[in-house]
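What's counted below: heavy atoms across the whole structure, side chains too, no hydrogens, waters or symmetry copies. Sequence lines set the chain letters: A, B, ... in the order given, protein chains first and strands last, and positions in each chain run from 1. As the structure is a prediction and not an experimental result, all values here were calculated from the model.
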2 protein chains.
Amino acid sequence: MFISKTSEYALRILTYMALNSETQLSATILFEELRIPKRYLMRLLTDLSKSGFIQATRGRSGGYVFARPLESIFFSEIIDSVEGLLSYEGCVLGNPVCPIDKPCAMHHIWDKPKLTFLQTLKTTTLADLKEADNI
Amino acid sequence: MFISKTSEYALRILTYMALNSETQLSATILFEELRIPKRYLMRLLTDLSKSGFIQATRGRSGGYVFARPLESIFFSEIIDSVEGLLSYEGCVLGNPVCPIDKPCAMHHIWDKPKLTFLQTLKTTTLADLKEADNI
DNA sequence: ATAAACTAATACTTATAGGTATTATTTTAT
DNA sequence: ATAAAATAATACCTATAAGTATTAGTTTAT
């Protein structure tokens with residue numbers, strides 16, 4: 001399942017906003033562009049505000065803009081705030097610890113994909129999207 | 001979240017069985033060794049039997065052994081039978097399609113970790129565990 | 001024969017993630 | 001002033017995953 005649906009939504013919201021970061025975007029516009037149930041989307045927007053990623057302006061001509069520079073927002077931080085990153089860091093077989101002298105059966109096999117995954121999340125920011133877009 | 005808890009359990013069961021494939025193992029023994037709720041474990045064992053991974057012997061001295069050679073059981077197949085692999089294959093942002101000429105915002109970034117993950121699952125079998133154990 | 005030690009099947013309960021509804025609050029155009 | 005158009009907060013509902021209970025069926029040692 002990789003990431004939760006809520007994480008997927010959060011990424012969809014923030015990547016869309018990142019690619020349109022010049023303009024303030026209202027929940028209604030985001031709803032029309034992304035395929036996320038409106039009320040759930042609004043709740044996520046509030047969550048993302050509270051987490052400090054975006055900033056809300058209330059009132060008639062309100063909407064959302066980023067509260068921080070895109071270069072400072074790593075994907076790892078987004079997923080961490082939505083569903084936590086711990087379950088990704090831990091042992092695949094769910095062992096509380098996976099000691100180096102007696103690792104779990106799948107340790108060696110899982111190591112590489114896990115590292116690639118976490119490294120990507122931890123080294124990529126929303127600002128990198130615009131770069132990637134030009135490849 | 002990477003994989004579901006049920007997938008995690010299935011892997012725990014089959015990896016343990018793979019490392020002890022000489023002996024027939026009863027549900028009770030597996031319950032004592034692995035940290036899985038007994039009744040749930042038994043249901044999973046029945047599922048894994050139906051899926052053809054293992055073979056059950058009923059009755060007093062019953063238990064489970066592999067129904068197929070370890071070399072033929074890829075991790076991808078296990079996870080596929082438990083929770084399906086489709087959600088892993090698809091677009092991270094949940095786009096129904098991610099066309100090559102206009103891929104989703106995260107396409108380039110996600111590509112590598114996704115491939116590493118799927119490749120590992122699709123090229124590693126339960127037989128590889130014993131090898132890995134000797135590293 | 002029969003009791004012990006197993007697996008099989010199915011129905012039910014609980015916890016969690018995802019989604020909805022309602023009401024309150026803020027801002028701005030008029 | 002006030003109505004319109006936004007966000008905020010909180011409570012509620014629903015679907016799914018995880019876990020439990022019950023009952024049935026099978027085999028073997030005695």
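Taking only side-chain nitrogens and oxygens, T6(A) comes nearer than 4.0 Å to OP1 or OP2 of dG18(C). Between Y9(B) and dG19(D) there is a side-chain polar atom (N or O) within less than 4.0 angstrom of OP1 or OP2.
Each of dA9(C), dG18(C), dA18(D) was ranked by its minimum atom distance to the side chain of K50(B); first place goes to dA9(C). Side-chain proximity of Y40(A) to dC6(C), dA18(D), dT20(C): nearest is dT20(C).
Note: CE (M1(B)) to P (dT16(C)) measures 12 Å, nearest angstrom. Here dA21(D) presents its P atom at 15 Å from CG of L41(B), a figure rounded to the nearest Å. If you measure from atom OH of Y64(B) to atom P of dT26(D), you get 15 Å, rounded to the nearest angstrom. Rounded to a whole Å, the CD atom of Q55(B) is 15 Å from the C1' atom of dA8(C). Counting to the nearest Å, the P atom of dA17(D) and the NZ atom of K5(A) are 11 Å from each other. Across the protein-nucleic acid pair, R39(B) atom CZ and dT7(C) atom C1' stand 13 Å apart, rounded to whole Å. The interatomic distance linking R60(B) (CZ) with dG25(D) (C1') rounds to 17 Å, in whole Å. In this entry the distance linking CG of L25(B) with P of dA5(C) reads 19 Å, nearest Å.
Toward the 5′ end of DNA chain D lies the nearest nucleotide of G59(A), the other residue of the pair G59(A) and S61(B) mapping further downstream. In terms of position on DNA chain D, the residue among G62(A) and T46(A) whose nearest nucleotide sits closer to the 5' end is G62(A).
The minimum heavy-atom distance linking F74(A) with K122(A) is given by the pair CD2-O, 3.1 Å.
The hydrophobic clustering, which links ILVMFWY residues whose side-chain heavy atoms are closer than 4.5 Å, places L126(A) and Y9(A) together.
Looking only at distances, no side-chain donor or acceptor of S7(A) sits under 3.5 Å from a matching main-chain atom of I3(A). Of the possible polar contacts, one joining the Q24(B) side chain to the S61(B) backbone as a donor-acceptor pair under 3.5 Å is found. Listed for the R68(A) side chain is no donor-acceptor partner under 3.5 Å among the backbone atoms of I54(A).
In terms of polar N and O atoms assigned as donor or acceptor, the side chain of R58(B) comes within less than 3.5 Å of the base of dG25(D) in a complementary pairing. On a pure distance criterion of 3.5 Å, a polar donor-acceptor pair joins the side chain of R43(B) and the base of dT20(D).
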